[in-house]
Amino acid sequence: NVPHKLVVGPDKVLYVTNGRYLSSYNGDTDTVVEAAYDMGPGWIITDARVAGSLLIISASNTGSTYRLSNYSTGIRICFWNTSEPGLGEVYELPDGHISSLFVDENTGIYAFTSKPGDTQRLRRFEDGKWKILKEWQETLYGRIPQPNSVAYYRGLIAWLPGDSAGGFC
């Protein structure tokens, strides 16, 4: 019951989100590493995106349940140089859940987060901090989007709410 998202890293290795781990496949050497990156116990990786020479990884803390429906204790966004060990540069936020990241080479790195309850947020990484750009109530405008439901269109970030119906979400 965890997301499985594929992303080709800046090192041209294929990464797969798999619970607390990023698994990797290097096609040049035909090598699979089940735990190329380990977010740690209680964390579920929700998205991974490339930004320059880094892999940006988001995760929600679920405690011992490992179920995204039980999030509430914080999120992490990590800037990882794939050639170095460890988590990379880690940013922890008090929001309860992070669903997706979005990277635009001209305007920056964005994160969709939510607080326990009804508050949904769009954040942007600026000056070393995750600033809130927009806040809305889930009951009015829907949940934060899934990773495959965000795009940059005509100078704006566009997304479908995470609770919208249809097979395209």
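Both backbone and side-chain heavy atoms feed into the values below; hydrogens, waters and symmetry mates do not. All residue numbers refer to positions in the sequence shown, counting from 1.
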**Q** Might you point out which heavy atoms bring Leu87 and Met39 nearest each other, and give the distance in Å?
**A** CD2-CA, 4.0 Å
**Q** Identify whether Phe125 and Ile98 are in the same connected component of the hydrophobic contact network (ILVMFWY, side-chain heavy atoms under 4.5 Å).
**A** yes
**Q** Is there side-chain contact between Ser99 and Arg143, with at least one heavy-atom pair below 4.5 Å?
**A** no
**Q** Determine whether Trp159 and Ile144 make a side-chain contact, defined as any pair of heavy atoms from C-beta on separated by less than 4.5 Å.
**A** no
**Q** Can you tell me how far CH2 of Trp130 sits from CD of Glu92, rounded to the nearest 0.5 angstrom?
**A** 13.5 Å
**Q** Are any of the side-chain heavy atoms of Glu138 and Gln120 separated by less than 4.5 Å?
**A** yes
**Q** Any donor-acceptor pair under 3.5 Å linking the side-chain atoms of Ser100 with those of Asp47?
**A** no
**Q** Evaluate the side-chain contact (heavy atoms from CB on, under 4.5 Å) criterion for residues Arg76 and Ser60: first the C-alpha distance (whole Å), next the side-chain angles of each, then the deciding distance (0.1 Å), finally the verdict.
**A** CA-CA 7 Å; Arg76 280 184 182 163; Ser60 291; over 6 Å; no
**Q** Does the side chain of Leu22 reach to within under 4.5 Å of the side chain of Val16, using non-hydrogen atoms?
**A** no
**Q** Could you give me the CA-CA distance, side-chain angles and deciding distance for Leu55 and Val7, then say whether side-chain contact (heavy atoms from CB on, under 4.5 Å) is met?
**A** CA-CA 9 Å; Leu55 197 58; Val7 62; 4.2 Å; yes
**Q** Please tell me if the side chains of Leu6 and Leu14 come closer than 4.5 Å, counting only heavy atoms from C-beta onward.
**A** yes
**Q** Less than 4.5 Å apart, side chain to side chain, heavy atoms only: is that true for Trp43 and Ile45?
**A** no
**Q** Do Asp28 and Lys12 sit within salt-bridge range, that is, some charged N less than 4.0 Å from a carboxylate O?
**A** no
**Q** Which atoms form the tightest heavy-atom contact between Arg49 and Pro147, and what is the distance?
**A** NH2-O, 2.7 Å
**Q** Identify, with sequence neighbours excluded, every residue that meets side chain to side chain contact (heavy atoms under 4.5 Å, CB included) alongside Asp104.
**A** Phe102, Asn106, Thr107, Tyr152
**Q** Should Val50 and Ile56 count as side-chain neighbours, where that means a heavy-atom distance under 4.5 Å?
**A** no
**Q** Identify, with sequence neighbours excluded, every residue that meets side chain to side chain contact (heavy atoms under 4.5 Å, CB included) alongside Thr29.
**A** Asn26, Thr31
**Q** Quick one: closest heavy-atom pair of Ser23 and Glu34, and the distance?
**A** OG-O, 2.7 Å
**Q** Kindly work out whether a path of hydrophobic side-chain contacts (I/L/V/M/F/W/Y, heavy atoms less than 4.5 Å apart) joins Leu140 to Phe112.
**A** yes
**Q** Carefully, step by step, assess Tyr25 and Asp30 under the rule side-chain contact (heavy atoms from CB on, under 4.5 Å).
**A** CA-CA 7 Å; Tyr25 173 70; Asp30 198 30; 2.8 Å; yes
**Q** Between Leu122 and Leu101, is there shared hydrophobic-cluster membership here, with clusters defined by ILVMFWY side-chain heavy atoms closer than 4.5 Å?
**A** no
**Q** Over all heavy atoms of both residues, which pair between Gly52 and Pro10 is shortest? Give the atoms and the distance, please.
**A** O-CB, 3.6 Å
**Q** Check whether the ring centres of Tyr141 and Trp136 lie less than 6.0 Å apart, and answer yes or no.
**A** no
**Q** Distance from Asp11 atom CG to Asn81 atom CG, nearest 0.5 Å?
**A** 8.5 Å
**Q** Quick one: ring pair (Phe, Tyr, Trp, His ring centres under 6.0 Å) partners of Tyr110, sequence neighbours excluded?
**A** none
**Q** Do Arg121 and Lys134 make a side-chain contact, defined as non-hydrogen atoms from C-beta onward lying under 4.5 Å apart?
**A** no
**Q** Under 3.5 Å, is there a donor-acceptor pair between the side chain of Ser24 and the main chain of Tyr15?
**A** no
**Q** Test of understanding: clusters of I, L, V, M, F, W, Y form through side-chain heavy atoms closer than 4.5 Å, transitively. Do Leu160 and Val150 belong to the same one?
**A** no
**Q** Looking just at side-chain N and O atoms, do Ser58 and Thr46 make a donor-acceptor pair shorter than 3.5 Å?
**A** yes
**Q** What do the steps show when you test Glu126 against Leu133 for side-chain contact (heavy atoms from CB on, under 4.5 Å), and what is the final call?
**A** CA-CA 11 Å; Glu126 295 179 14; Leu133 292 183; 4.1 Å; yes
**Q** Ser114 and His97: side-chain donor and acceptor closer than 3.5 Å?
**A** no
**Q** Find the distance between OG1 (Thr113) and CZ (Arg123) and round it off to the nearest 0.5 Å.
**A** 4.5 Å
**Q** How long is the span from the CD atom in Glu84 to the CG atom in Leu54, to the nearest 0.5 Å?
**A** 9.0 Å
**Q** Centre-to-centre under 6.0 Å for Tyr91 and Phe79, is that the case here?
**A** yes
